[in-house]
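Since the structure comes first, as structure tokens, the remarks are kept for the end.
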Amino acid sequence: MKIIKTTTLFVCIAMLTMGRGFSQEKEVKKLSDDERMEWWRDAKFGMFIHWGAYSIIGGERGTKIAGGGAEWAMDKLDYTVEDYEKFPQMFNPVMFDADAWVKMAKDAGMKYIVITSKHHEGFSLWDSKVSDYDVMDTSPFKRDVIKELAEACKKQDIKFCVYYSIVDWHHPQAQGNLYPNYNIAQHDDPSVVNPKFPKYFKNYMKPQVKELLTNYGDIGVVWFDGDWISDYTTEMGKELYSFIRDIQPNTIVNNRVDKGRNGMEGMDMEGNFAGDFGTPEQEIPDTGIDSAWEACMTMNGSWGYKPSDNNWKSSEDLIQKLVDIVSKGGNFLLNIGPDGFGRFPSESIRRLNAMGEWTKKNGEAVYGASASPYEKPKWGRYTKKGNVIYAHVFDWPESGLLKLNKDIKVKKATLLTAPDSELQATATSRELLLEVPILAPDATVSVVKLEL
Ligand code: H79
């Protein structure tokens, strides 16, 4: 990561918007990289939202069901650009309620929201002046989704962030001209490029990103995707990164803004690449990583709404994944795919509720915590915060004795949910044995607080 000196430069950003909410002039203090990343490092848990015209399709066309993510419906179900346009033309999610969405994220213990402002399909969910293929001009809905969500986030004090796809299957200067004869094997084929792509980058993509950064208040993160296409270059990536930081100096940008990402594993290869954090997709690294990273993951197997996919991860699994990620120094960006009416799937809501119950009781061991210096124990994970180690126990010991790493010099041990009753510890030559109740305090992950 780049080191930038702390400056006290004050940057004046005039946020001129048509509507209410973000039309104030604001003095923004330019933060050091460390300060800039602080909220994000501490947040640990965010909500990804994949929502677009594909949410109407649900990954199905006649008897055909798209394999993998349903947000790829246009490509996987062989729509032409013209055929596909009918979906944005019917996008009318009358049940969309930004306040309710944000509240569900907050109640789950999530600290930020990343919404797909435009996915690969090319349809923009905000009032874009450089596009007619947006929610105001193409759809009967005519409500600026990004604005409503940004305002709801501001009201409920949760960071608002946007996903933006570099890939655009609709724009004629991007991949739009390739349909319907485009197939998945061509997506990263260096010979399949649009010579006009630099025009799309300059006259469409950058102005769109600028709109998102000027009309909707503070943007916590800009989360790019589609970095793999051969049309997109590292020069464009670096230009885009500084373009964003010039508009909003404290915005965080993921590493898919550049070309350094090492596949789905998500961290950068060796080299000089722009971007503030790595983006493992649908996987969690085996061990801790020293630089900033965020694992994004689906609750079933699809990012976009896909009712045929019932392969839901259990709430227990999701809570343990959150702990696993935090114990390795990362963030967890967990996805929701609302349907074409604007509803979260009930299966997702149930899982959010379970995670909220757990984080409400055990949040102290997660938010602001970092990777532990100790080896991964057999029964669970460790996280660390200042002078405290939290032992997250997935498999509660039937013996009533929890085996801790012998290097942990415990001054005081308690269950996180019972701070008044101290637990007894006995050191042997090989381990530290902690006497714990026979019954696990939490069915999913019980947390023991170890003050050093
Ligand atoms: O938005 C979600 C997915 O739709 C998006 N990223 C998450 C956050 C995503 N798009 N594509 N992929 C994930 C998988 C891409 C796999 C790739 Fe390839 C392998 C891209 C290039 C090589 C698949 C195979 C696409 C082209 C060839």
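As a basis for the values below, the full set of heavy atoms in this structure was taken, side chains included, without hydrogen atoms, waters or symmetry mates. Counting starts at 1 for both ligands and their atoms, in listed order.
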*Heavy-atom distance from atom 17 (C) of ligand 1 to the protein below 4.0 Å?*
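Not a single protein heavy atom is under 4.0 Å away.
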*Do R61's NZ or CZ and the ring of Y79 fall within the cation-pi criteria of under 6.0 Å and 45°?*
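The answer is yes, since R61 meets both limits relative to Y79.
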_Cation over ring face, K206 and F243, 6.0 Å, 45°_ =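 Cation-pi check for K206 and F243: passes.
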Is there a polar contact between ligand 1 and [X], counting only N or O atoms under 3.5 Å apart?
X    : answer
H187 : no
H119 : yes
W72  : yes
W223 : no

*By number and element, which atoms of ligand 1 are closer than 4.0 Å to a non-hydrogen atom of D188?*
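This gives 21 (C), 22 (C), 27 (C) as the contact atoms.
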*List every atom of ligand 1 that sits less than 4.0 Å from any heavy atom of I184, numbering the atoms from 1 in the order shown and giving each element.*
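Going through ligand 1 atom by atom, the ones under 4.0 Å from I184 are 26 (C), 27 (C).
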For [atom], find the nearest protein heavy atom and state the residue, atom name and distance (0.1 Å precision).
atom                    : value
atom 4 (O) of ligand 1  : E71 OE2, 2.6 Å
atom 5 (C) of ligand 1  : D225 OD2, 3.1 Å
atom 14 (C) of ligand 1 : M264 CE, 4.1 Å
atom 2 (C) of ligand 1  : H50 NE2, 3.3 Å
atom 13 (C) of ligand 1 : E281 OE2, 2.9 Å

*Is the NZ atom of K202 crowded by more than 12 outside heavy atoms at less than 6.0 Å?*
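Check fails, neighbour count at 12 or below.
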_Within the supplied structure, the quantity of interest is the number of heavy atoms (other residues, nucleotides, ligands) at a distance under 6.0 Å from D188 CG; does it exceed 12?_
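Result for CG/D188: enclosed.
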*Apply the salt bridge (charged side-chain N to carboxylate O under 4.0 Å, His left out) test between R41 and each candidate in D276, D33, D34; give the one that qualifies.*
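The residue from D276, D33, D34 that satisfies salt bridge (charged side-chain N to carboxylate O under 4.0 Å, His left out) with R41 turns out to be D34.
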*In Å, rounded to the nearest 0.5 Å, how long is the span from OG1 of T359 to CG of D107?*
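Spacing of OG1 (T359) from CG (D107) equals 9.0 Å.
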*Do S165 and H120 have a side chain donor and acceptor closer than 3.5 Å?*
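The answer is yes; a qualifying pair exists.
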_Side-chain donor-acceptor contact under 3.5 Å, D231 with N194_ =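 Result is no, nothing qualifies.
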